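A quick note: this is a predicted structure, and the numbers were derived from the prediction, not measured.
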Amino acid sequence: MRPCLARWLLVLYVSIVYPTLVHAQADDLPRHAVIGMQVAPADLSKPEDPAANPTTVKKVFPGGSGEAAGFAEGDILRAIDGVPVITAIGFAHTVAHHIAGDQVQILIVRDAQEITKTVTLKPRPFEASPDASVLYTSVSVDGARRRVIVTRPHAPGRHPAVLIMGGLGCYSLDGEFSRPTEYGPILTALAKQAYVTMRVEKTGEGDSEGPACTDTKATADLEAKGYVAGLRALKSYDFVDPARVFVFAHSLGPLIGAMVLPQESVRGFIAAETIGRSWFEYGLENVRRQSALAGEPLDQVDAEVRAHAECSYHFFAQHESGAEVSKLGEQCKEMIRSYAGVPDTFMHQIGDISLAKQWKQVDIPVLVIYGTSDPATSADESRYLATLINSFHPGRASYSEIEDMGHDFARYASEAAFLNRRADNSPHPYDDEIVTVVLKWLAANSPVS
């Protein structure tokens, strides 16, 4: 499956153990469950398949529900509450939609023997930080409460704030603060520098109410509404300077951000590893770029691009369903699979976005960041976005390029190395330059009011 602007997860962390530092403050939104295990396909270098490459327990965390139920590394997950386990992501979603205290029945295979485990699910641990209080609150979006996670600096007074917008897919950002990858180091650095941070969970993800992220009601418009509500709440806090509220958006996030900004203004916007043209155009170039990087003959690359154009026409221009488009051939099936489980309605709206039309309405400072080892997008896409913004608002957008950084903010020798990361199993350290660039730009654009 070709990488597009989805959030990258090498393996699925169903639970992470956090240090107990400062007790989090939480509202009465019910806490959802975790099982305390790391699960992934048996062979990370191959496509996930319930028969040939099934979802397998990679690690059992101490003190978690999985340990209490007697799971072991290597257990193959076959079914949960009678429903077959098809993917690690699907298993995680099933667990995460339960409330803490629920019981589930999980069928496993161990040493060629089927065993059924009864698991009492524990609540997801709250985050903690030595530099900030962690607040678990919520905002209302179309009558449903959306989980919001805020870090508040210990120092008194009003502080600048950064709202994080993630990329494509159905996942929770709860627990991100403690992760050594992706948004974790950015959140940690912001907290140390006395910035308030906010994450708004997607509909139906984490503790959020509302339709499941995979439901047809989970549109791009609905995701944008969550961020609008989050920004308005952020500006209302007595510890936030409403004149110094920023957005850091990653991957597909800047497209959602372009929908949000005309509705709710901010001081500045950071767009990392994203695109500048329409999703239709991006998809064609993404196929060409990644097929060439994979070493395919260029006549075959041309044929794949042509096939992708037909798939995209039916799906994005004609708004045909993913199921119907998939019938057109394997190339179309692969395109639909690459959208990480979000519904057709979401992607149709993404395809309809005119970034030029949206950014014409918004006159704020913008930083566009691209890492040169990211094959999910390109330097040309990022430069075009900066050019597009500057065509309407001269001098407002700047472009920063980070050598060897991949789509997940880790370091890779090349774009091809990122594409092959699942097969090589070599470590890829986090690229701290992304943190340096972000903090420097924020400081330059957030004078004390």
SB check Glu176 Arg179 (cutoff 4.0 Å): yes

State whether Arg277 and Asp380 are salt-bridged, where the test is any N-O pair (Lys NZ or Arg NE/NH1/NH2 against Asp/Glu carboxylate O) under 4.0 Å. yes

Establish, from distance only, whether the side-chain atoms of Glu281 and Ser278 form a donor-acceptor pair under 3.5 Å. yes

Close side-chain approach of Val437 and Ile402, heavy atoms under 4.5 Å: yes

Nearest 0.5 Å, please: how far is CG in Leu173 from CD in Glu182? 9.0 Å

Quick one: closest heavy-atom pair of Phe418 and Pro375, and the distance? CD2-CD, 3.4 Å

Side chain to side chain, Thr219 and Lys217, heavy atoms closer than 4.5 Å: no

Looking at Ser65 and Lys122, would you say the former's side chain and the latter's main chain have a donor-acceptor pair under 3.5 Å? yes

Please walk me through it: do Val57 and Val60 pass side chain to side chain contact (heavy atoms under 4.5 Å, CB included)? CA-CA 7 Å; Val57 177; Val60 179; 3.7 Å; yes

Would you mind telling me which of Phe248, Phe246, Trp359 makes a ring-ring contact (aromatic ring centres under 6.0 Å, His included) with Phe269? Trp359

Measure across Thr216 and Pro343 and return the closest heavy-atom pair with its distance rounded to 0.1 Å. CA-CB, 3.9 Å

Heavy atoms of Gly226 and Val141 approach each other most closely as CA-CG2, 3.7 Å

Spacing of Leu29 atom CG and Ser208 atom OG [to the nearest 0.5 Å]: 7.0 Å

Run the side chain to side chain contact (heavy atoms under 4.5 Å, CB included) test on Met198 and Ile149 for me, step by step, so that the C-alpha distance in whole Å, both residues' side-chain angles and the decisive distance to 0.1 Å come before the verdict. CA-CA 6 Å; Met198 172 181 276; Ile149 306 168; over 6 Å; no

Salt-bridge test for Arg383 and Glu401: reply yes if a basic N is under 4.0 Å from a carboxylate O, no otherwise. yes

Which pair of non-hydrogen atoms, one from Ser400 and one from Leu367, has the smallest distance, and what is that distance? CB-CD1, 4.0 Å

Report yes if the side chains of Asp404 and Ser373 come closer than 4.5 Å at any heavy-atom pair, otherwise no. yes

Between Ser172 and Glu205, do the side chains contain a donor N or O and an acceptor N or O under 3.5 Å apart? no

Testing the basics here: between His32 and Gly206, what is the closest heavy-atom pair and its distance to 0.1 Å? CG-O, 3.2 Å

Hey, does Pro262 have a side-chain heavy atom less than 4.5 Å from the side chain of Gln358? yes

Nearest 0.5 Å, please: how far is CG in Asn286 from OG1 in Thr377? 7.5 Å

Taking atom types as modelled, find out whether His319 and Asp352 have a side-chain donor-acceptor pair closer than 3.5 angstrom. yes

So how far is it from Tyr282 OH to Ile350 CD1, rounded to the nearest 0.5 Å? 12.0 Å

Does the pair Arg145/Glu209 count as a salt bridge with the N-to-O cut at 4.0 Å? yes

So which atom in Tyr370 and which in Thr372 form the shortest heavy-atom distance, rounded to 0.1 Å? CE2-CA, 3.6 Å

Separation of Gln103 CD from Asp81 CG (nearest 0.5 Å): 10.0 Å

Okay, side chain of Ser391, backbone of Leu388: is any donor-acceptor separation there less than 3.5 Å? yes

Is there a side chain to side chain contact (heavy atoms under 4.5 Å, CB included) between Ser398 and Trp441 once you walk through the steps? CA-CA 10 Å; Ser398 56; Trp441 186 86; 3.9 Å; yes

Applying side chain to side chain contact (heavy atoms under 4.5 Å, CB included), run through Leu442 and Val162 and close with a yes or a no. CA-CA 9 Å; Leu442 287 173; Val162 179; 4.0 Å; yes

Val95 side chain near Val104 side chain, heavy-atom distance below 4.5 Å: no

Where the side chain of Ser446 meets the backbone of Ala444, is there a donor-acceptor pair that is under 3.5 Å apart? no

Value for CG (Asp374) from CD1 (Ile369), rounded to nearest 0.5 Å, stands at 12.0 Å

In terms of side-chain geometry, is the basic nitrogen of Arg267 or Asp241 positioned less than 4.0 Å from the acidic oxygen of its partner? no

Is it the case that more than 12 heavy atoms not belonging to Lys59 sit under 6.0 Å from its NZ atom? no

Give the C-alpha distance, both sets of side-chain angles, the deciding distance and a yes or no for salt bridge (Lys or Arg N to Asp or Glu O under 4.0 Å) between Lys235 and Glu264. CA-CA 10 Å; Lys235 293 177 184 179; Glu264 191 64 31; 2.9 Å; yes

For Asp174, the option from Arg31, Arg147, Arg199, Lys202 that meets salt bridge (charged side-chain N to carboxylate O under 4.0 Å, His left out): Arg31

Within-4.5 Å side-chain heavy-atom neighbours: Phe409 and Glu273: yes

Say whether His407 and Ser251, considering side chains only, have a donor N or O and an acceptor N or O under 3.5 Å apart. yes

Is the shortest heavy-atom distance from the side chain of Val245 to the side chain of Pro160 under 4.5 Å? no

The single option from Thr87, Asn53, Thr55 that satisfies side chain to side chain donor-acceptor pair (under 3.5 Å) with Glu48 is Thr55

Could you check whether Tyr195 and His159, counting side-chain N and O atoms only, form a donor-acceptor pair closer than 3.5 Å? no

When the ring centroid of Tyr136 is compared with that of Phe126, is the distance short of 6.0 Å? yes

Would you call Asp238 and Arg158 a salt bridge, using N to O less than 4.0 angstrom? no

Give the intermediate values and the outcome of ring pair (Phe, Tyr, Trp, His ring centres under 6.0 Å) for residues His348 and Phe315. CA-CA 7 Å; His348 286 160; Phe315 188 72; 4.4 Å; yes

Report the C-alpha distance between Gln105 and Thr116 in whole Å, list the side-chain angles of each, state the deciding distance to 0.1 Å, and finish with yes or no for side chain to side chain donor-acceptor pair (under 3.5 Å). CA-CA 7 Å; Gln105 301 286 321; Thr116 297; 5.7 Å; no

Should Met259 and Glu223 count as side-chain neighbours, where that means a heavy-atom distance under 4.5 Å? no

